[in-house]
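Scope of the values below: all heavy atoms of this structure, side chains included, with no hydrogens, waters or symmetry mates. The sequence lines fix the lettering, A, B, ..., with proteins before strands; numbering per chain opens at 1.
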Amino acid sequence: MTELPIHAALDDLIQALRSRGRAVLQAPPGAGKTTVVPLAMMQAGLTDGRIVMLEPRRLAARAAAERMAETLGEPVGQTVGYRVRGESKVSKSTRIEVVTEGILTRRIQHDPELAGVGAVIFDEFHERSLNADLGLALCLEVAGALRDDLMLVAMSATLDAEPVAALMDAPMITSEGRSYPVETRWLDRPLGPKARIPEATADLVVQAVRETEGGVLVFLPGEGEIRRVEGLLNGRLPDGCVVRALFGAMDFAAQRAAIQPATSGRKIVLATSIAETSLTIQDIRVVVDAGRARRSRFDPASGMSRLVTERVTKAEATQRAGRAGRVAEGTCYRLWTRGEEGGLQPFPPAEIESADLSGLVLELAQWGADPADLPLLTQPNAGSYAEATALLKMLGALDDNGRITEHGQQITRLPLHPRLAHMLTVAGRDAAPLAALLAERDPLRGAPVDLSLRIEAIRETRRFMEERPYQPHRPTLERIKQEAKRLAKDAPAPRGLSLPEMAALAYPDRIGARRKGTAPRYLMSGGNGAVLDETDPSANAPFLVITDVDGDRREARIRQAIEIRQSDLRALFEDRIAWQDICEWSPREGRVIARKQERLGAIALDDRIWQDPDPAEVARAMLDGVRQLPLPWTDAARRFAARVELARPNDPDLPSMRDDDLLATAEDWLLPYLDGIKSAGAWKNFDILPALRAMLDYGQMQALDRETPAHFTTPLGRQIPIDYGGEHPSIELRLQEMFGQKTHPTVAGKPLRVTLLSPAQRPVQTTMDIPGFWDSSYEDVRKDMRGRYPKHPWPDDPRQADPTLRAKPRS
DNA sequence: CTCTCCCT
């Protein structure tokens with residue numbers, strides 16, 4: 001044990017804790033900090049209280065306790081113990097207690113003084129889990145207000161521990177790691193935009209196997225990609241190579257088999273990010289990194305999380321590469337170029353920035369603090385925070401002022417998402433299997449969506465497997481059963497609710513009402529859309545409680561649901577169902593629809609035509625339609641708008657007549673004129689000119705007539721219309737009618753576009769500068785015209801000639 | 001082109 005590199009840093013750490021009571025220890029994986037630090041703190045006699053260490057995973061908590069106990073030559077549960085959900089090995093003599101992160105939160109909420117605890121160590125803090133962020137913030141508050149003797153240590157593997165040290169006002173101590181050098185090999189040129197990750201990864205694996213020796217670990221984003229690469233590698237690897245998959249959904253035994261050293265041959269493990277931190281694989285010398293990571297991201301707009309596949313971050317790529325250097329020097333192949341390396345993000349987002357925050361918001365409400373006042377390393381995502389608050393109010397866990405209710409207090413005591421804890425609290429013990437099911441991954445992936453099939457598989461597994469054509473995922477099913485038993489123990493007496501009623505308690509915002517039409521498309525009470533596979537047996541249900549959907553933004557696919565009767569909805573949500581007058585623009589029908597609807601959130605339970613809607617409301621709804629339709633320009637209206645636009649630079653008070661400005665201000669000028677207009681058809685025939693004219697007052701109108709007159713008076717006194725439809729206002733007239741004209745005609749201070757015509761009314765020249773025309777091209781025009789129209793006058797000096805429309809008098 | 005990891 002003395003050979004571990006962490007020992008060199010221990011003196012500094014103990015010294016810092018003795019003088020400051022806090023420290024940040026930065027040590028790479030393999031330095032041995034997890035087992036060495038708590039024992040060293042105990043042996044230094046820093047505190048009489050217990051030393052509590054947080055681990056992000058149950059397996060890691062158990063393993064750390066076991067290794068420390070072994071060092072002391074004791075069984076676990078004496079000096080060193082652990083406590084994870086549903087399992088604990090601690091006794092009166094326990095001095096070091098390893099716990100998972102959620103346990104600490106519960107303990108602080110229950111006993112804010114942390115009586116008997118002398119120190120808290122946050123292991124793997126760089127992972128930035130929601131519970132670790134929250135736990136550290138709460139501990140810092142406790143240490144600041146109630147317990148100035150409470151020691152705090154954050155241990156982090158990455159090189160970016162400074163922000164934590166600053167937050168904790170603690171010295172930073174750095175330790176060397178104990179790993180071998182890893183050589184990185186990049187691609188020569190970037191993957192094309194059309195390149196497929198599995199194909200490209202398989203090629204790289206083949207190359208890596210050819211160029212190196214030893215076990216190979218391949219990082220891929222998910223199970224699907226792992227299966228595809230597995231298929232692509234078939235037959236392309238030398239004899240003796242053994243390919244194994246490794247991902248979270250596999251059962252424990254299969255995971256262990258993948259991790260074990262191969263008894264013969266060369267091992268190639270295709271893994272998700274599970275192999276990045278959670279599981280260490282023996283005898284890996286080579287890493288192939290496909291460069292992608294799949295993460296869950298909470299979308300506040302839909303209130304749901306969805307999975308996204310993104311480029312890995314620098315921190316993840318470093319961590320992955322490090323897995324090749326645990327036993328000897330290794331090699332890391334990256335599916336990107338050296339040049340692309342700079343474009344990678346440094347760290348993945350912390351959970352507090354990207355995850356569902358319902359649990360966190362409830363914990364903060366129980367703590368009685370606003371997140372802005374807490375010493376958090378990162379503030380929670382504002383949109384997710386608001387969405388979580390709204391959900392908790394809907395569940396009755398928070399009151400209107402955002403304070404925790406008695407019901408909310410009960411919810412925090414259950415080890416479940418607030419939705420499920422609410423359901424279990426209200427429905428009682430009967431809901432335990434459903435709560436366990438909804439908390440786990442689906443044991444019947446690919447089967448019809450009906451939830452009752454899954455409950456049947458849980459309750460009567462043997463009969464289900466004999467009689468039903470679906471194969472449940474056994475390890476998941478067993479976990480669910482065990483968890484259901486545990487949840488049932490502390491749950492209140494059952495209230496006799498049906499399965500759909502219980503599910504609806506947890507998902508009041510995901511009651512789906514089938515839309516009209518043949519496709520099984522649903523509108524959910526929360527306002528989002530969801531769609532069911534057409535062949536699913538539930539596809540005709542008028543109402544569904546939708547408990548699981550994929551994350552598609554526009555229309556999510558339903559993965560789990562259960563049909564619910566309308567009468568059940570009415571009984572369950574009596575206080576949230578109400579009649580509403582609906583007067584709105586229907587983009588689908590292209591008209592204003594006026595109805596009276598009995599609504600539960602966004603969905604209608606009953607729907608009737610509203611016979612005599614208020615005209616003002618109709619006009620307002622029509623306005624929403626107008627914003628989605630083109631403006632019905634007539635020639636006259638367009639001419640008028642063009643004149644106003646022309647005059648506007650000289651008179652800033654004139655309203656803008658550009659389409660987008662008109663639409664933006666439609667409420668002011670158009671609304672009073674919309675009486676009786678209810679459809680796209682009526683709007684198309686609507687004359688907007690009177691409404692446009694009414695935007696100008698009397699004075700402005702007079703100025704407009706003066707500045708941008710409807711007609712131009714020719715030198716011969718004729719009135720010809722000015723065309724305001726083009727880019728410039730323009731007129732057309734016979735060239736000879738402009739003889740004698742020494743200046744160019746203007747409106748609103750701008751030159752008219754003048755098209756000069758031949759005696760046969762053909763365009764001869766277009767000009768915005770008559771004097772310039774006389775000086776330059778008139779000479780050529782004159783020669784041409786004289787040949788064609790010899791009977792007409794074509795004087796040498798047009799400036800001095802008289803305007804005329806006649807031919808030359810006969811001589 | 002059907003779901004990463006984890007926790008009270």
Contact class for [X] (heavy atom, under 4.0 Å): base, sugar-phosphate, or nothing?
X	result
A:I103	sugar-phosphate
A:V308	nothing
A:R196	nothing
A:R106	base
A:D548	base
A:L104	nothing
A:H417	base
A:E101	nothing
A:T100	sugar-phosphate

Could I get the full list of salt bridge (Lys or Arg N to Asp or Glu O under 4.0 Å) partners for A:E101, not counting sequence neighbours? none

Sorted by number, residues from residues 363-370 of chain A placing a heavy atom under 4.0 Å from DNA chain B are none

Under a 4.0 Å heavy-atom cutoff, the residues of residues 439-448 of chain A touching DNA chain B are A:R441, A:R445

Answer yes if the side chains of [X] and [Y] hold a donor-acceptor pair under 3.5 Å, and no otherwise.
X	Y	result
A:E276	A:S273	no
A:S129	A:N131	no
A:T378	A:R128	yes

Outermost contacting nts on DNA chain B, any atom under 4.0 Å from chain A heavy atoms, listed 5' then 3', are B:dC3 to B:dT8

Name the one of A:D356, A:D509, A:D548 that satisfies salt bridge (charged side-chain N to carboxylate O under 4.0 Å, His left out) with A:R419? A:D509

If the test is salt bridge (charged side-chain N to carboxylate O under 4.0 Å, His left out), which one of A:R228, A:R294, A:R445 qualifies with A:E223? A:R445

Is A:R474 paired with A:E478 through a side-chain N to carboxylate O contact shorter than 4.0 Å? yes

With under 30° as parallel and over 60° as perpendicular, where do the rings of A:H422 and A:H407 fit, or are they tilted in between? perpendicular

Pick the nucleotide of DNA chain B nearest each of A:P221 and A:G102; which residue has the one closer to the 5' end? A:P221

Closer to the 5' end of DNA chain B via nearest nucleotide, is it A:G222 or A:P418? A:G222

Donor-acceptor contacts under 3.5 Å from residues 191-203 of chain A side chains, at least two apart:
| unit_1 | atom_1 | unit_2 | atom_2 | d |
| --- | --- | --- | --- | --- |
| A:T201 | OG1 | A:I197 | O | 2.6 |
| A:D203 | OD1 | A:R236 | NH1 | 3.1 |
| A:D203 | OD1 | A:R236 | NH2 | 3.1 |

Polar side-chain atom of A:S91 near backbone of A:G77 as donor-acceptor pair, under 3.5 Å: yes

Determine all donor-acceptor pairs shorter than 3.5 Å in which one atom belongs to a side chain in residues 243-250 of chain A; sequence neighbours excluded.
| unit_1 | atom_1 | unit_2 | atom_2 | d |
| --- | --- | --- | --- | --- |
| A:R244 | NH1 | A:A257 | O | 3.3 |

